[in-house]
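These notes concern the structure reproduced below.
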Amino acid sequence: MTHSDDNAITVEGLTKHYGDLRAVNDVSFTVRRGEVFAFLGPNGAGKTTTVEIIETIRTPTSGRVNVLGMDVTKQKRDIVPRIGVLPQGFSSYDRITVRESILYYRRLFGCSTTDVDALIDLTNLGDKRDVQFNKLSGGLKQRLGIAIALVNDPEVVFLDEPTTGLDPHARRAVWDVLLGLKRKGKTVFLTTHYMEEAELLADTVAIISKGKLVAMGSPEDLIERNANYMCLTLRSAEAGVLDTVRRLGFEPVRDDRNNIRVRVKQTDDVEAILSGVKGAGLALPGMDVRKPNLEEVFLGLTGEVLHESAPVSGATP
């Protein structure tokens with residue numbers, strides 16, 4: 001893999017050790033300029049370590065990482081002014097207003113020419129510019145955090161789970177901001193626990209599991225490549241169903257809503273599972289069978305779920 005002017009980020013053979021623990025194991029990928037890139041992985045997969053190396057916060061054990069054509073281990077001082085970062089759980093000073101918060105960080109970062117009002121408009125905070133931080137809702141605080149991450153007019157913006165804990169309306173408002181960043185030509189590096197967020201917003205999705213990159217492509221490509229099966233969901237399955245399905249020769253996984261999900265290749269497989277569960281005298285309140293979405297692809301590739309999907313009915317960004 002070689003660096004191209006079309007790439008905002010190039011990662012080649014990235015490895016990070018913590019003693020005997022190999023947190024990141026020979027990971028390689030590129031992020032194109034101007035795209036929304038979603039980086040997904042369960043807890044402990046190496047996701048945070050990888051992102052912090054790209055952000056110049058941590059040093060790799062081996063491999064090479066370039067941001068905007070610059071080596072993160074040698075040109076940190078040149079990279080930092082050209083990137084923006086919204087950390088998870090962003091917070092500001094309680095008693096200063098939205099506009100004052102952005103002004104404060106503008107001075108802190110030495111960006112005297114930054115148009116504060118333009119940032120307020122970009123993040124749809126115009127009617128909140130004089131509201132104190134402690135009076136803002138969670139969604140408004142996140143939008144302010146994005147505005148602050150843009151104070152230095154960065155070319156690449158790193159957003160760490162920007163909609164976690166927000167209600168659907170606030171989440172969609174943040175999505176509108178992210179799509180606005182893309183329209184302005186920014187490269188957005190997004191980590192998220194919401195599968196529908198990645199599926200709706202991202203041009204490219206990369207999935208990391210146990211320190212290794214296991215899949216990468218557009219959401220549509222990932223789903224298509226993994227669509228040679230159907231996903232059978234056994235809802236609210238009682239104890240014993242998991243073992244019964246496993247004894248039938250399948251590999252079921254229980255999700256965080258107490259459902260059991262099984263990959264099946266044909267309707268005969270579904271009938272065999274249902275007959276086996278019924279024959280074991282086990283109750284089955286409900287079930288469905290469908291082609292996989294990005295959440296099922298993630299589950300199949302990693303054997304884990306990220307987060308309960310957030311409702312998105314009624315709107316797309």
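Not measured: the values here are computed from a predicted model.
- In this structure, D20 has no side-chain contact (heavy atoms from CB on, under 4.5 Å) partners at least two apart in sequence or on a different chain.
- Counting heavy atoms of neighbouring residues, nucleotides and ligands inside a 6.0 Å radius, atom CD of E224 does not exceed 12 of them.
- V80 and V31 end up in different hydrophobic clusters when Ile, Leu, Val, Met, Phe, Trp and Tyr side chains are linked at under 4.5 Å.
- Separation of atoms CZ (R64) and OG1 (T73) is listed at 10.0 Å; rounding is to 0.5 Å.
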Subject >> Intermediate values then yes/no, side chain to side chain contact (heavy atoms under 4.5 Å, CB included), L159 and L178 >> reply: CA-CA 9 Å; L159 305 176; L178 301 191; 3.0 Å; yes
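- For the residue pair G41 and H193, the shortest heavy atom distance occurs at O-NE2, 4.4 Å.
- Atom CZ in F298 sits 11.5 Å away from atom CG in L222 (nearest 0.5 Å).
- I208 is listed as a side-chain neighbour of T50, based on a closest heavy-atom distance under 4.5 Å.
- Taking CG from L14 and OG1 from T61, the interatomic distance works out to 8.5 Å, rounded to the nearest 0.5 Å.
- The cluster map of Ile, Leu, Val, Met, Phe, Trp and Tyr, joined by side-chain heavy atoms under 4.5 Å apart, puts Y18 and V27 in different clusters.
- In this structure, I53 and T59 have side chains that are not in contact, with every pair of non-hydrogen atoms separated by 4.5 Å or more.
- Applying the ring-ring contact (aromatic ring centres under 6.0 Å, His included) criterion to F189, with sequence neighbours excluded, gives F37, F39, F158.
- Between E295 and R290 no salt bridge is recorded (no basic side-chain N to carboxylate O distance below 4.0 Å).
- Judged purely by atom type and a 3.5 angstrom limit, D221 has no side-chain atom pairing as donor or acceptor with the backbone of G217.
- Side-chain contact between I148 and F90: present, with at least one pair of heavy atoms (C-beta onward) separated by less than 4.5 Å.
- In this structure, the side chains of N124 and V177 come closer than 4.5 Å at one or more pairs of heavy atoms.
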Below 3.5 Å, can you tabulate the donor-acceptor pairs from side chains in residues 181-188 to any protein atom, sequence neighbours excluded?
from : atom 1 : to   : atom 2 : distance (Å)
K182 : NZ     : D203 : OD1    : 2.7
K182 : NZ     : D203 : OD2    : 3.1
K186 : NZ     : D153 : OD1    : 2.5
K186 : NZ     : P154 : O      : 2.9
T187 : OG1    : G34  : N      : 2.8

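- Side-chain atoms of T191 come within 3.5 Å of backbone N or O of E161 as a donor-acceptor pair.
- V24 places none of its side-chain heavy atoms less than 4.5 Å from the side chain of T15.
- For T233, the side-chain contact (heavy atoms from CB on, under 4.5 Å) partners are C231, R235, N259, R261, D288, not counting sequence neighbours.
- Judged purely by atom type and a 3.5 angstrom limit, R58 has no side-chain atom pairing as donor or acceptor with the backbone of E52.
- Across every non-hydrogen atom of A173 and R143, the tightest pair is CB-NH1, 3.6 Å.
- Sequence neighbours left out, not one pair with a member in residues 270-281 passes salt bridge (charged side-chain N to carboxylate O under 4.0 Å, His left out).
- Between the OG atom in S101 and the CG atom in D94 there is a gap of 9.5 Å [rounded to 0.5 Å].
- Residues that satisfy the side-chain hydrogen bond (donor to acceptor under 3.5 Å, both in side chains) test with H17, not counting sequence neighbours, are R22.
- Within 6.0 Å of CD on E251 lie no more than 12 heavy atoms contributed by other residues, nucleotides or ligands.
- Pairs passing the salt bridge (charged side-chain N to carboxylate O under 4.0 Å, His left out) check and including a residue from residues 65-93, sequence neighbours excluded, read R82-E155.
- Using modelled atom types, no side-chain atom of D269 and backbone atom of A272 make a donor-acceptor pair closer than 3.5 Å.
- A donor-acceptor contact shorter than 3.5 Å is absent between the side chain of N7 and the backbone of R33.
- A side-chain hydrogen bond (donor to acceptor under 3.5 Å, both in side chains) check over residues 107-123, counting only residues at least two apart or in different chains, returns the pairs R99-D117, D117-R129.
- Closest heavy-atom contact between A202 and A38: CB-CB, 3.7 Å.
- With contacts defined as side-chain heavy-atom distances shorter than 4.5 Å, the pair V157/L86 does not qualify.
- Heavy atoms only, all atoms of each residue included: R171 and L166 are closest at NH2-O, 2.7 Å.
- In this structure, V264 shares a hydrophobic cluster with M230, L232, L234, V241, L242, V245, L248, F250, I260, V262, V270, I273, L274, V277, L282, L284, M287, V289, the cluster being traced through Ile, Leu, Val, Met, Phe, Trp and Tyr side chains under 4.5 angstrom apart.
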Original post:
For I9 and V156, what are the C-alpha separation, side-chain angles and deciding distance, and is it a side chain to side chain contact (heavy atoms under 4.5 Å, CB included)?
Top reply: CA-CA 9 Å; I9 299 169; V156 183; 4.2 Å; yes
Acceptor/donor pairs from residues 132-142 side chains to any protein atom, 3.5 angstrom cut, sequence neighbours excluded:
from : atom 1 : to   : atom 2 : distance (Å)
Q132 : NE2    : R95  : O      : 3.4
S137 : OG     : L140 : N      : 3.4
Q142 : NE2    : P162 : O      : 2.7

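- In this structure, the side chain of E197 does not engage the main chain of Y194 through any donor-acceptor pair within 3.5 Å.
- Listed here is the closest heavy atom pair of A23 and T49: CB-OG1, 4.3 Å.
- D26 CG to K16 NZ: the interatomic distance, rounded to the nearest 0.5 Å, is 16.0 Å.
- For the side-chain contact (heavy atoms from CB on, under 4.5 Å) test, residues two or more places apart in sequence or in another chain that qualify with E100 are I96, T97.
- Listed for the D167 side chain is a donor-acceptor partner under 3.5 Å among the backbone atoms of A170.
- Under a 4.5 Å side-chain heavy-atom criterion applied to ILVMFWY residues, the cluster that includes I57 comprises that residue alone.
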**OP:** Would you sort out whether Y105 and S92 count as a side chain to side chain contact (heavy atoms under 4.5 Å, CB included), showing the intermediate values?
**Re:** CA-CA 10 Å; Y105 283 98; S92 185; 4.0 Å; yes
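- A heavy-atom distance below 4.5 Å is not found between the side chains of D160 and V51.
- Annotation: side chain of N66 is not in contact with side chain of V72 (no heavy-atom distance under 4.5 Å).
- The line from CG of L213 to CD1 of I207 is 8.5 Å long, rounded to the nearest 0.5 Å.
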Original post:
For V151 and I102, what are the C-alpha separation, side-chain angles and deciding distance, and is it a side chain to side chain contact (heavy atoms under 4.5 Å, CB included)?
Top reply: CA-CA 7 Å; V151 158; I102 300 173; 4.0 Å; yes
